Structures are given as C-alpha cells and as structure tokens.
Amino acid sequence: MSVIRSRLRSMILEAVQPLLDSPADLNIELDIPKVAEHGDFATNVAFGLTKRLRRNPREIASLIIANLKDPDRILKKVEPAGPGFINFFIDPRAYHEILRDILDNPRQYGRQNIGLGRRIQVEFVSANPTGPLHIGHGRGAAIGDVLANILQGCGYDVQREYYINDAGNQMDTLGRSLYYRYQQESGEEIDFPDNHYRGDYMIDLARQFIGETGGRHRGVPLEEVLQVFTSYAANSILDGIKEDLDVFGVHFQNWFSEQELHNRDAVKQALEFLRERGYIYDAEGAVWFKSTAFGDEKDRVVIRANGASTYFAADLAYHWDKFRRGFEMVVDIWGADHHGYVDRMKAGVQAMGQAPEDLRVILVQLVNLLRGGQPVAMSTRGGEFVTLREVIDEVGKDATRFIFLTRRTDSPLDFDLEVAKAQSNDNPVFYVQYAHARLCSVFEVAAERGVEFDWKSVGEDTLNLLSLPREYELLKLLGEYPEVLATCTRTLEPHYIPYYLHELVSLFHSYYHDNRILGDDPALTRARLCLAAAVKEVIANALDLLGVAAPQKM
RNA sequence: GCGCCUGUAGCUCAGUUGGAUAGAGCAACGGACUUCUAAUCCGUAGGUCAGGGGUUCGAAUCCCUUCAGGCGCGCCA
C-alpha cells in the first residue's frame, strides 16, 4: 500500500472508533476522485456505518472529520461532500516521502508482503509436446510469467511449472506421424493417415531424423521402431518449445512429466486416497469420481471399462501431487476452451481436503490472429498455422508481450500482425519505452554538463521547490504503484500494470514538454532530477515485471 | 437444449470488492520543434455502457429477461 494511503487509512480507522460501541476493523476504501474538486482521496466509510449508527451518512462524515488527528500534517483540508463522502486534500509536501520510498531502493519499490511467504505454484502453458507453440500459448505464457513475477513481488514464494502431457495415445500418434513422414521423405510410397499431425514441422523433423540416423529406419516395420520415433519426436518438439519460451523470456523452475506420474503409480495412489475418503465408486464397468458432491453437474469417469485411466484421473493425481509438495495455493492457467473442466477440478481438490480457493483457475480467452483485418487460418490438423516464434520474429518480443498483457485475461483478443507492426511508432509499448529512454538521456546530458546529482543529499527545502500541479500529480501517481501491484495480486490480472504505465508516462511526457528538468537554477534542477529519477525507476521496475526491456536509447 | 465468457466512442480496449459529471489509445480534424530525444505535446469532435425490467441514497458494475457473438457440454487428450 502506498505510504499516503496507509496513513490515511489508519487515521480514518482511529477517527471512527470513538463512534462505535465496540472496536471494529473496517475495510476502508480510498478512491482517487475523478474530479480535482473532490480532493486527492475520498472515502465512503460513512455510508457503511449508517445502519450501525442510525444516522445519515452526511452526519457521520462530519463526526469522523471532527475526530481526525493529523500529527504529521499530511492534510491540507478535509471536507464532507455530496451525500456522505469525505474528501481529503493532501499537503503536497507529504508526497516527498514517496520519493524517498522509491529512490532508497528502486528495485524494491512496490514490493510488499501480501503473501506472507506462502508457497504458491503457477502452472501455465503446459502445451502438449505434439507441435510448436502457437499464439494462444503465447498469451498464456506472458500472463503466467508476469503473474508469477507480481506474486513474487507481493510476498509469495512462487514456483513456475509446466505440465508435460507426454503420456497416452497422442504420444503414439505423434511417433507414427514422424514415422510416416520419415518413410515418405526416404522415398517410400506410403499414405499419411488421417488424424495424425500433418504440420510442416513434422516433415522438417523427419528430414532431420533421417540425417541423424543415416536413413537406417527406412522400410523398418512400425512396431519395431515406434518407441524410437515417439521419443525422438517428443524430445525434439519439447526442446523447440523450451527454446521458443526462452526467446519469449519465459523460464520455468520445473517441468513436470505426466509419464512420471504413471511410472510411479501416482494415479493409482491418488485414486486410492480418494476412494478411502469416499469419493470413488464403481459403476457400469468403470470407476467414477463423485464430483457432484462438490457441485459438478455430473460424476466423472476416472478408469474406463477397458482399464485405461482418463486424462482427468491423471489431472487428479497431478493436483494431489501439487498439494503434497507443500503448495498452499495453486494457480492453473488454462485456455478458455477448457472451462468445462473447472468444476470437476475444483471438486477434485476439495475431495482431497483442500479449500476450493486453494485452486485458482485462470481462463485465458482465445486469440484471433489477423493480418490486415483478415483472419489467419489456425487449423492444427491441417497444419496451417502461424507459430508463436514466427509472431515474435515478426512483431518483436516486447510488443508481443505488451499486447498480450494489455488486455484482461477473460476478454478475447484480436491480434493483428499488421497493426502490431505498422503501428509500431504509436504502439503503447514504444510510448512507454520512449519515456524511459528519454529520461536516461536527460541524466546523460546532466552528467555531460557536470550537474552533480545525489538524491541522498537533497533536503526538504529543495524538494519544496517542486510546486507545479503536474509535479504533485506525478508524485501522487508514483505513490499508487504499490496499490496497482496489490490489485493485480488480488485479482490475478496483470493488465493493470500496462495501463498504469501508460498513465504515468503520459503525464510525464506532458510535464517534460512544458518544463525543463535541467534549468538555470541548480536547486530546482536537483529537485526535478529527483522526480525524474523516480519516474524512470518506476518505469523500469514495472517493465521488468512485464518482462519488457527498458532501453537506455531509442 | 444446458453451462461459461463477451457486448462500453468509427476501430482496439480500460473502468479494482456498487460511488460523485463514463475513460484511454488508434483513426478524423486543427495546432506546437533555435531548447534535456517531435517515437513527444496541446486542442476539437465522437456514447441510449446491446435492449427491457428490478434491487437502493447511488448501477457500465448486482439480480431477472430478451437479443447478438465466442467457447464448452465423451468411458478423447
């Protein structure tokens, strides 16, 4: 929480107590009003107390104001307003504390201990190793990565994990796909079957494999070499996925193999565990999980009549394993097309004895890839699709990430390649980066001119020279940064950061245009350099969380 | 048929647990560089928050309903 906010909050809380019969810890909302006449901050606590105090909100507001104590004199004025709001006008000098907060330790600014060190896992991407990542995976990757950064910054002990679906029929299909392409590329006349992975990447992979094996698998019966083909395909594709994610700036602490789960009998154990708890039963030749016990619309099969376990059974085992590894909260980031699985997974978690909130599922809406307004075909089966790597190569990592992160996760996204590129000069990401480069340039020029600047030696008198309304606005906005991170943590939505950055940078550009930072008055110059340094640091700090570069020059 | 998501300016999208007069970018139009980066700034115009009903001091936000679009509803993964 920002320094000013936390001070206001405790002041209000203290002023309310005498009005109550018994002490209470109220949730004090502090809004920043849209109109300046309504002050720097406003609260609506009075509305919440009407029933308790049996008075009208306007009256209560006045009573609270009468009780306010302001020993540090951070308030210039307080007044009741409208139907019962309380408007606070802050003494501009109180904002100097924000500068200290930022410049004392720029990288730490905004970091806070909401998470209390709790262990939390963020699982994301988790694309099947049957083909390269596409743009939808990229959106999930950006969101998961940044969310993990934010949670880490807010006091959680975060682990990033990628779940590899390297078991089941699809692996055989993958191996066969490579096998057939291998034979075709070796010159064998052989039909490529339907329902296999027919993308061009599989042909490339086949040629590569022919090279590595000297073509010695040509004409060898499928059964004899399927395992070899399967593992070669899966490993190569997974390596490609890792490389693409690396280029995209996404790094996992753990890669969790589904096959491992089967190898150590974890699926069976998890089902036994659930059976002991009474949530597994046999019927119609199959084994069922009683997810209706926790609100799912129907029970789910975990072992089919033919003896094979379902994907969901593995997922139960996987989540059981997550909690057994000691995570107190688990965040799953899924494509929105999996929303039908949320209820049963939540049911599973509860059957294991966890609270429903211990699992939070974030559904990332699908991405529509366009080029010049025209949809780009994205058929996996037909193999006609644009990979994430191609998008990054064409649009750039920073712009791609920024576009993904500037949307709410549950809102569908039109990603137009032409717009993302052609707009580059007006692209929000460059707008933000430009401000950073501009600020770097100011400090460079300052150094050239021999302007000495060490903010630690800048005193209150000097900071008091910051007297323009825009300067106060900048300071106040800088003070809101921790609040932005807290909101992201509460909602598990990263998009507040790009919007905040845009607002901050816009205010700065405007200020910069009208005022000179390096002026004739040495004291004023020092004061403004403090402000400039703080803006620069917060931009860099936020861009770092987004995994977007903060360039020195542009 | 049932369920979930979405519907806000011409376009792309914000609007944090209900708050005071609904915001930004792009596009359009008109302006601003002898200066620390014009990849910038300033101004104008643009709205029945899909439609209708309800809840209350107060609704884009909550409830009901209609319409439109997307996705999902397997002993598939």
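Nothing here was measured: the structure is a model prediction, and the numbers come from that model. Lettering of chains follows the sequences in order, A, B, ..., and the numbering in each one begins at 1.
What separates NZ of A/K34 from C1' of B/G23 is a distance of 9 Å, to the nearest Å. For the pair A/Y496 OH and B/C13 C1', the computed distance is 13 Å after rounding to whole Å.
Closest contact between the side chain of A/L366 and the listed nucleotides B/C71, B/G23, B/C36 involves B/C71. For A/V445, counting side-chain heavy atoms from C-beta on, the closest listed nucleotide (B/U16, B/U37, B/C75) is B/U37. For A/P83, taking side-chain heavy atoms from C-beta onward, the closest of the listed nucleotides B/U40, B/C13, B/C57 is B/C57. Comparing B/C75, B/A20, B/U12 by their closest approach to the side chain of A/A42 singles out B/A20. Nearest nucleotide to the side chain of A/S510, out of B/A20, B/C41, B/A39: B/C41.
Closest of all the heavy-atom pairs between A/H38 and A/F89 is C-CZ, 4.1 Å. Between A/S257 and A/D166, the shortest heavy-atom distance links the atoms OG-OD2, 2.7 Å. Closest of all the heavy-atom pairs between A/H495 and A/R407 is CB-O, 3.5 Å.
With no hydrogens or angles considered, a side-chain donor-acceptor pair links A/E258 and A/N165 at under 3.5 Å.
The same atom, P, is picked in B/U40 and in B/G25; the two are 11 Å apart, to the nearest Å. B/C42 sits 34 Å from B/G18 when the P atoms are compared, rounded to a whole Å. Nucleotides B/C2 and B/U66, compared at atom P, are 9 Å apart to the nearest Å.
Taking the 5.5 Å centre cut-off and the 30° plane limit, the aromatic side chain of A/Y434 is not classed as stacked on B/U40. Judged by ring centres under 5.5 Å apart and planes tilted less than 30 degrees, A/H38 stacks against the six-membered base ring of B/A20. Stacking of the aromatic ring of A/F85 onto the base of B/A20 is found: the ring centres lie under 5.5 Å apart and the planes are inclined by under 30°.
Within the structure, no pair that satisfies the salt bridge (charged side-chain N to carboxylate O under 4.0 Å, His left out) test touches residues 515-525 of chain A, not counting sequence neighbours.
In this structure, A/E284 reaches the bases: a heavy-atom distance under 4.0 Å links it to at least one base atom across the strands shown. Contact annotation for A/A167: backbone-only contact, meaning every heavy-atom pair under 4.0 Å involves sugar-phosphate atoms and none involves a base.
On a pure distance criterion of 3.5 Å, no polar donor-acceptor pair joins the side chain of A/D337 and the base of B/G72. Checked by distance alone, A/S441 brings no side-chain donor or acceptor within 3.5 Å of a matching partner on the base of B/U37.
Here the side chain of A/T292 pairs no donor or acceptor atom with the backbone of A/K298 at under 3.5 angstrom.
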Can you name the atoms? Protein N/O to nucleotides 27-32 of chain B N/O, anything below 3.5 Å, with the distance.
none

What N/O pairs connect the protein and nucleotides 2-6 of chain B at under 3.5 Å? Give each pair on its own line.
unit_1: B/G3; atom_1: N2; unit_2: A/H339; atom_2: NE2; d: 2.5
unit_1: B/C5; atom_1: O2'; unit_2: A/Q365; atom_2: NE2; d: 3.3
unit_1: B/C5; atom_1: O2'; unit_2: A/D410; atom_2: O; d: 3.1
unit_1: B/U6; atom_1: OP1; unit_2: A/R408; atom_2: NH2; d: 3.0
unit_1: B/U6; atom_1: OP1; unit_2: A/D410; atom_2: OD2; d: 3.4

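The pair A/D514-A/R470 counts as a salt bridge, with a side-chain nitrogen and a carboxylate oxygen less than 4.0 angstrom apart.
A/E448 CD: more than 12 foreign heavy atoms inside a 6.0 Å radius.
With respect to A/F415, the side chain to side chain contact (heavy atoms under 4.5 Å, CB included) criterion is satisfied by exactly one of A/T400, A/N368, A/V376: A/T400.
Under the 30°/60° scheme for interplanar angles, the aromatic rings of A/Y163 and A/Y318 are found to lie parallel.
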